[in-house]
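Here the structure is laid out as structure tokens; the discussion comes afterwards.
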Amino acid sequence: MSKHAWWQEGTIYQIYPRSFMDSDGDGIGDLEGVRSRLDHLVWLGVDAIWLSPIYPSPMTDFGYDVADFCAVDPRFGTLASFDALVRDAHARGLKVILDYVPNHTSDQHPWFREARSARDSPKRDFYLWRDPGPGGRPPNNWLSEFGGSAWEWEPVTAQFYCHSFLKTQPDLNWRNPTLRAAMLEVLRFWLERGVDGFRVDAIHHLIKDDQYRSNPVNPDYRPGQPPKRSLVRLYTTDRPEVHEAIGLMRGVLDAYPDRVLIGEAYLPIERLVRYYGVELAGIHLPFNFHLIHSRWEAALVADMVRRYEQALPPGAWPNWVLGNHDRSRIATRVGPRQARVAAMLLLTLRGTPTLYYGDELGMRDVPIAPAQVQDPWEKNEPGLGLGRDPERTPMQWAPTPNAGFSNATPWLPVAADFGVANVEAETADPASMLNLYRTLLAIRRHHPALAVGSLVPLDTDADTGTDLPPGVLAYERKQGVDRLVVLLNLTSDPRRLVLPAHLVGATILLSTLPGAGPDLGGATVTLGADEGVLMAAP
Ligand code: ISL
């Protein structure tokens, strides 16, 4: 029996439900749609699906504004269709992870409607209320992630409420024990229904300074950056008390076997790793977004991997993310050829990979005309390139109308290249991105070195005779007798390298260049432009 949990060995696949598959012809994806495509995900070779929020919502932030934590939005389905999805997923060996949004509710949530109606409402303290500052201004300088002040005036009760995101997303007060208990009950509700874990939204925002101190000005702020960057979020994110709240969430999960807690926290490595918690009693997988933010240069990526590995607390399990519904797609960030190298990197690094739907097809950001904009952030702060619609466009299933996503006009436009970049066409093409992902996932599944083995970076080293040219990222993965070598050329020129003595004679398992393998010359390997190779050590 393996001593590793499924969420350590496996690969997670993020589904943005609005955009995955529409079963009822309203142009918006739904749970029945997801259920109808489970066999595809099994074929692809992933182990778990994470669904972005499916709860009843006014959709001002497309589901991240939750009006009821314990139900399903009718646009997505019903509790019965959710149960059917979980049942069918489990029958296929797929785990189901839900999004949990503890930082805020919708302003239409019954708690907030009640809280805003009267100062003495029993729900008042579920949220963060403050009197105005001098001259009726907001109580401090805190900024919303999506533009403007983080404070909104509530005229009925004459106080401001705090919202880290939209004003339709009032922040919850996790210092209130009744609120905490109610939110932990939400976790139990879904655990009882059989979900295998949660991805916790914006966890580093959960607790704000109890003295409501203003944030310091960011001296490094440059015009053109998102306005929220003009302040250092010292008093609004990553507060020490957040770990107590995480401990409570983890306590709920630990009463159920084999569940996983994943946390979304955009933080520097040193602060991110604290989210594993003291003695690993915190989040199992604090999402590591550093591949999204790193410049695509081998030396920088190698250094980041090293710093992350070194920062991990003993026993902590690493993880890697290349893309999500909030960030530009990988194929757009690095181009289609390097996106294949990135796929090999994601699926050969040490730790749990999370794949974003469509990246396995090589989907790119889709340009959105001003009249088509849906994302509230883009609407609040237009023209800065902050909008998230481009990476949320419909999944491309087939070269048929609306890419096989829907019978109706989809809520966001389909990519122009859907006729070639789609599941049907790419399944039939052995050289496609889809088949590259599928092969990588299959190799990962069959090689313990990749799934759970150690990672040893290869560097230029006179003692071993290794000669690594600039622009190449190289490492070994080992587990017992299973030993693999990964060589990634992050440049668009060929690169010749000399292998260390113990790897001379390694054989190729896979190249990212269809049809071509690297030129093997004993100790020297020539990687083609934009080529990554996976080799079995001799
Ligand atoms: O803190 C941040 C970056 O430093 C923010 O990016 C923040 O963590 C992120 O925007 C949180 O995103 C999540 O919560 C939002 C929602 O709009 C996003 O889609 C979701 O992923 C509010 O719920």
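One-based numbering, in listed order, for ligands and for the atoms of each.
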Exercise. Report yes or no: is the cationic atom of R124 (NZ for Lys, CZ for Arg) under 6.0 Å from the centre of the six-membered ring of W129, at an angle within 45° of the ring normal?
Key: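 Yes, R124 and W129 form such a contact.
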Quiz prompt | Proximity to ligand 1 by part of F62, non-hydrogen separation under 4.0 Å | solution = neither
Quiz item: So which bit of H293 gets within less than 4.0 Å of ligand 1, heavy atoms only: side chain, backbone, both or neither?
Solution: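 It is neither part, as no heavy atom is under 4.0 Å.
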Answer yes or no: is there an ion pair linking [X] with [Y], defined by an N-O contact shorter than 4.0 Å?
| X | Y | value |
| --- | --- | --- |
| E185 | R188 | yes |
| R233 | E145 | yes |
| E264 | R199 | yes |
| D209 | R239 | yes |

Quiz item: Where does the angle between the aromatic ring planes of F20 and W397 fall among parallel (under 30°), tilted (30 to 60°) and perpendicular (over 60°)?
Solution: perpendicular
Practice problem: Assess H163 for proximity to ligand 1: is some non-hydrogen atom of it under 4.0 Å away? | Solution: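 Under 4.0 Å: no for H163.
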Quiz item: For ligand 1, is there an atom lying under 4.0 Å from some heavy atom of W377?
Solution: no
Nearest protein heavy-atom contact for [atom]: which residue, which atom, what distance?
| atom | value |
| --- | --- |
| atom 4 (O) of ligand 1 | R233 NH2, 2.8 Å |
| atom 20 (C) of ligand 1 | D201 OD1, 3.1 Å |
| atom 21 (O) of ligand 1 | D326 OD2, 2.5 Å |
| atom 10 (O) of ligand 1 | F165 CE2, 3.7 Å |
| atom 3 (C) of ligand 1 | Y266 CB, 3.7 Å |
| atom 22 (C) of ligand 1 | D61 OD2, 3.5 Å |

Quiz item: By ring-ring contact (aromatic ring centres under 6.0 Å, His included), which residues pair with Y127, not counting sequence neighbours?
Solution: F112
Exercise. Ignoring hydrogens, just give me the one of K228, H205, R392 whose non-hydrogen atom is nearest atom 7 (C) of ligand 1.
Key: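 Answer by nearest heavy atom: H205.
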Quiz item: So between H104, R327, E264, R199, whose heavy atom ends up nearest atom 9 (C) of ligand 1?
Solution: E264
Under 4.0 Å from a heavy atom of [X]: which atoms of ligand 1 are those, numbered in the order shown and with their elements?
| X | answer |
| --- | --- |
| H204 | 1 (O), 2 (C), 8 (O) |
| E145 | 1 (O), 2 (C), 5 (C) |
| R388 | 16 (C), 17 (O), 18 (C), 19 (O) |
| F146 | 17 (O) |

Self-check item: Close N or O approach (H325, ligand 1; < 3.5 Å)
Solution: yes
Quiz item: Taking only residues two or more places apart in sequence, or in another chain, which ones meet D359 in a salt bridge (charged side-chain N to carboxylate O under 4.0 Å, His left out)?
Solution: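 D359 satisfies salt bridge (charged side-chain N to carboxylate O under 4.0 Å, His left out) with R329 only.
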Quiz item: Any side-chain donor-acceptor pair under 3.5 Å between N215 and T236?
Solution: yes
Quiz item: Under 4.5 Å between any side-chain heavy atoms of L172 and H104, yes or no?
Solution: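 With C-beta onward as the side chain, the pair stays apart.
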